[in-house]
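Data first, discussion second: the structure below is written as structure tokens.
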Amino acid sequence: MAEVAISIRNVSKSFGSLRVLKEISFDIPKSQVFAFIGPSGAGKSTLVRALNGLEGIDAGEILVEGVSVHDRRTDINRLRTNIGFVSQSFNLYPHLDVLGNVTLAPVHVKRQGQEEARERALAILGSLGLADKARSFPQQLSGGQQQRVAIARAMAMDPHMILFDEPTSALDPELIKEVLDAIRQLASTGMTMVVVTHEMSFAREICERIVFMNQGSVLEITPPQEFFSNPKTERAREFLGKILHH
Amino acid sequence: MRRLVTALTLLLFLALPSSALTASPGILAWGGDTEGGAPYMFQDPRDLERLIGYEVEIVEALAEKMGLKPRFVQNGWDNLIPGLERHLYDVSIDGLEITPEHQDVVDFSMPYYVTHLQIGVRRDNFDIGSLEDCRGRIVGTLKQSYSQYVLETVGDVDIRTYEDEVNAYSDLVNGRLEATLFDAPIALYYGGPMREIKFVGPEIGRIEYGIAVRKGEEELLRTVNRALTELRDSGELRSILERWNLWNSLTARALQDYGPARTEPVMYTRWVADLQPELTWQDRINRYLSFLPTLGRAALTTMKVSLASMTLAIALGLILALLRVFGPKPLSTLSMLYVEIIRGTPVLIQLFFIFYGLPNVGIRLDPFTAGALGLGLNYAAYEAEIYRAGLLSVPKGQMEAALGLGMTRNQALHHVVVPQAVRLVLPPVTNDFISLLKDSSLVSVITLVDLTKAYGQLATTYYDYFGTGLVVAAIYLLLGLPFVRLARWTEAKMALALGLPGKGKKRPSGLDLRLF
Ligand SMILES: Nc1ncnc2c1ncn2[C@@H]1O[C@H](COP(=O)(O)OP(=O)(O)O)[C@@H](O)[C@H]1O
Ligand SMILES: [Mg+2]
């Protein structure tokens with residue numbers, strides 16, 4: 001059995017009277033890619049943000065590499081350096097150029113020297129095809145380029161895992177491929193990843209497991225071939241029907 | 001003379017216990033207001049660096065008799081008495097009236113001059129010859145003065161109050177007023193030289209001027225009185241008053257000196273001569289050029305106070321805003337209270353409090369520090385609100401992105417949120433600086449001579465509010481101009497740097513937009 005990267009145990013959460021996560025439990029093994037799919041409002045974002053403590057939980061426990069994320073005694077900042085997070089809206093720092101965006105956390109959190117951080121940043125940017133954009137400012141870049149910078153920014157911290165929350169849903173269709181290629185490339189390095197996505201063919205191609213969520217519950221955790229050819233639940237069949245034939 | 005001490009200064013003053021502070025040995029520090037104008041004390045039109053006036057001559061003669069060197073300390077007329085209590089000077093002499101209200105808070109020497117109120121009308125007016133005739137008429141006088149009080153007791157007078165006698169007399173000439181009521185020395189010096197104006201009626205009321213000394217300083221008061229007596233007995237006092245054409249029967253009676261006149265009114269004649277209205281353009285330009293050293297010094301004060309207080313306001317404002325938005329509850333509440341209290345009270349009162357009130361608890365600040373501190377603390381409240389808006393308008397995702405990479409909250413604030421907020425607020429903050437530049441004129445109430453104060457001094461000296469006003473306005477504009485440009489520039493730059501919609505659609509690539 002593979003080493004466990006993330007362990008989710010009986011996690012529940014409500015926003016007021018709305019139960020958003022209902023007693024969710026499953027493990028994500030190291031070096032695997034899990035795709036969270038499901039209709040809008042299912043709780044995918046809430047769950048993925050709970051994994052690095054950006055969202056609190058009401059009950060249960062989440063362990064990342066054996067460390068409890070929501071335990072008060074946990075040094076959450078330190079833990080987060082191991083968990084990259086890329087969201088739908090990029091959130092690049094508009095006042096810094098690309099290089100500044102990528103090197104800010106390594107310099108201030110990991111105490112890397114400016115020069116070292118710069119070189120590493122340039123290497124990562126180069127691997128993502130952004131070598132010539134190092135001195136550009138975010139608003140001078142296309143959405144696809146911005147999202148790739150956000151990925152580079154996460155990679156620069158040398159995380160053990162990266163969480164993606166709908167990384168392509170804010171992009172124009174013609175820009176989606178370059179971002180998916182970057183994620184694909186990361187997956188091939190054996191990075192542990194969680195990807196919330198609506199790109200079904202992409203999910204089918206890269207992930208080990210599909211986690212299908214609906215109304216705060218996880219209904220299925222299955223390998224993609226099985227999920228797409230033979231979903232176990234009625235709700236998943238409905239969802240796939242809508243998404244694949246419209 | 002003129003304004004009664006305002007309720008405000010009196011109030012502050014009454015709260016002050018006297019505290020011992022020995023004067024410099026061999027020096028008689030005396031407080032007065034050069035903006036008071038002729039004939040009391042004013043800048044010599046023939047040499048702006050020199051202070052002249054009959055009060056100046058009296059205090060100089062007095063100091064000589066006391067064996068002391070006189071040293072002049074500038075303070076606004078309304079604040080002469082609080083300034084005395086604050087130990088800015090040993091005595092104050094500037095047409096301070098011996099009234100019961102004043103005597104409650106300071107001691108006075110024997111009167112050195114006694115005068116009365118004087119009605120002025122246009123030469124072609126034969127209807128007004130007494131106070132009673134003023135009923136139903138439009139009469140101008142100084143704001144908050146004894147003469148205003150007298151007019152109010154007459155009843156049914158349409159009183160128009162002025163900050164400045166010059167404007168009242170020109171309104172009398174141009175028909176906006178039907179009569180004026182002023183202290184006789186003012187009437188003589190400002191209305192007297194005008195051909196269109198005549199003085200009518202009897203001597204009204206009785207005004208005694210005395211030298212103000214802090215209560216309890218009996219030794220000093222005795223020496224002052226002794227010196228004054230010597231000046232009277234030697235005839236020097238009378239000779240000074242005659243030089244300024246001020247000798248009158250009331251004073252003669254008070255000083256027990258009924259002899260014939262001995263001295264020519266040379267200073268009055270000189271004043272009238274200097275009023276020559278027919279200046280050539282060349283004369284005018286030369287005169288304004290001669291203002292430049294005075295105005296330059298004043299502009300420097302204005303600029304220094306503004307820069308110092310803005311620096312304070314920007315730094316403190318940021319701290320207040322951060323506490324308000326991101327601080328723990330008690331600090332957030334404190335910050336909010338600070339902002340509300342400061343914004344809810346007049347900055348003038350805050351300045352008074354800092355300069356005249358704090359010595360009460362042992363904090364004695366020099367005028368510059370008090371001014372910069374007062375304006376800075378005040379503007380900090382307004383800057384805090386601007387920053388707060390700036391902080392709140394940085395998208396939440398920015399903080400999250402930084403936290404997600406392992407930064408602490410403080411690191412995220414320091415490196416991500418605050419830099420963006422600061423850029424967002426740069427244009428409004430720069431704009432605020434321009435209003436601060438103008439608000440800095442308030443520091444004249446705590447004895448600093450800034451541009452506005454210098455304007456008052458020069459305008460009364462030359463009887464020229466119009467031209468001097470234009471010159472001073474131009475200087476304010478010049479001082480503000482760089483900041484107006486800076487505000488525009490930052491606005492354009494910020495729009496570009498933060499990807500906001502702005503004017504100019506150029507996006508020069510490779511340009512480093514980082515300002516810090
Ligand atoms: N901060 C919040 N406050 C209240 N309700 C929220 C908040 N965030 C999310 N929700 C609600 O929780 C539910 C799950 O949201 P989310 O996790 O974003 O779903 P998904 O990402 O699957 O679309 C939705 O009904 C959403 O409206
Ligand atoms: Mg979502």
Side-chain angles (χ1 to χ4, degrees), chain A residues 45 48-49 51-55 75-97 99-111 132-141 146 149-150 152-159 162-165 170, chain B residues 318 326 328 387 390-427 429 490-516:
Chain A
S45 294
V48 84
R49 288 158 52 83
L51 299 184
N52 72 350
L54 282 179
E55 202 76 73
D75 180 349
I76 186 70
N77 299 311
R78 200 187 149 91
L79 187 63
R80 279 176 183 151
T81 60
N82 297 330
I83 314 171
F85 179 68
V86 175
S87 78
Q88 161 179 357
S89 48
F90 331 143
N91 290 327
L92 295 182
Y93 315 131
H95 62 297
L96 298 177
D97 64 11
L99 208 51
N101 266 274
V102 178
T103 59
L104 190 70
V107 167
H108 293 288
V109 178
K110 293 205 136 177
R111 306 273 159 216
D132 58 331
K133 298 295 179 193
R135 283 298 170 196
S136 300
F137 278 80
Q139 63 277 12
Q140 297 169 320
L141 302 177
Q146 289 193 49
V149 172
R153 184 170 68 174
M155 287 168 66
M157 290 299 283
D158 273 333
I162 301 189
L163 317 174
F164 293 91
D165 188 4
Chain B
L318 180 59
F326 297 105
Y387 277 123
L391 286 171
L392 293 177
S393 65
V394 174
K396 262 178 71 182
Q398 291 289 314
M399 172 62 103
E400 272 189 2
L403 291 178
L405 289 163
M407 287 192 212
T408 63
R409 228 172 135 70
N410 284 344
Q411 284 174 326
L413 284 177
H414 180 174
H415 299 294
V416 176
V417 178
V418 170
Q420 292 180 50
V422 165
R423 285 165 167 75
L424 278 170
V425 305
L426 262 177
V429 165
T490 51
E491 227 164 288
K493 204 89 174 171
M494 289 317 103
L496 206 60
L498 297 179
L500 304 171
K503 286 176 235 149
K505 43 191 178 302
K506 277 177 292 172
R507 283 186 169 180
S509 64
L511 179 67
D512 189 348
L513 295 175
R514 282 176 294 185
L515 287 173
F516 302 102

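A note on names: the letters A, B, ... follow the listed sequences, proteins ahead of strands, and every chain is numbered from 1. These numbers come from the heavy atoms of this one structure, side chains and all, not from hydrogens, waters or symmetry mates.
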(request) Using the side-chain contact (heavy atoms from CB on, under 4.5 Å) rule, take A:Leu104 and B:Leu405 through it: C-alpha gap first, then chi angles, then the decisive distance, then the call. (result) CA-CA 9 Å; A:Leu104 190 70; B:Leu405 289 163; over 6 Å; no
(request) Compare every heavy atom of A:Arg153 with every heavy atom of B:Ala401, then report the nearest pair and how far apart it is. (result)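 That would be CB-NH2, 3.5 Å.
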(message) Can you tell me which portion of A:Leu79 sits under 4.5 Å from chain B's heavy atoms? Options are side chain, backbone, both or neither.
(response)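 Contact with chain B is absent: no heavy atom of A:Leu79 under 4.5 Å.
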(message) Given heavy-atom pairs under 4.5 angstrom as the criterion, report whether the side chain, backbone, both or neither of A:Arg49 touches chain B.
(response)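 When you check distances to chain B, only side chain atoms of A:Arg49 fall under 4.5 Å.
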(request) Heavy atoms only, distances under 4.5 angstrom: which of A:Leu54, A:Ile76, A:Val86, A:Asn52 has the most pairs with chain B? Name it, please. (result)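 Greatest number of close heavy-atom pairs with chain B: A:Leu54.
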(message) Quick check on the interface: out of B:Gly406, B:Pro395, B:Gly397, B:Ala412, who has the most heavy-atom pairs with chain A under 4.5 Å?
(response)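 It is B:Gly406.
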Distance, nearest 0.5 Å, that separates [atom1] of [X] from [atom2] of [Y]:
| X | Y | atom1 | atom2 | result |
| --- | --- | --- | --- | --- |
| B:Met407 | A:Thr81 | CE | OG1 | 12.0 Å |
| B:Asn410 | A:His108 | CG | NE2 | 13.5 Å |
| B:Gln420 | A:Leu96 | CD | CG | 8.0 Å |

(request) May I ask you to decide if B:His415's main-chain N or O and A:His95's side chain share a donor-acceptor pair within less than 3.5 Å? (result)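 Checking the backbone N and O of B:His415 against the side chain of A:His95, a donor-acceptor pair under 3.5 Å is found.
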(request) Would you check if B:Gln411 and A:Asn77 make a side-chain contact, meaning some heavy-atom pair closer than 4.5 Å? (result)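 B:Gln411 does not reach A:Asn77 side chain to side chain.
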(message) Can you tell me which portion of B:Ala402 sits under 4.5 Å from chain A's heavy atoms? Options are side chain, backbone, both or neither.
(response)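 Both backbone and side chain of B:Ala402 come within 4.5 Å of chain A.
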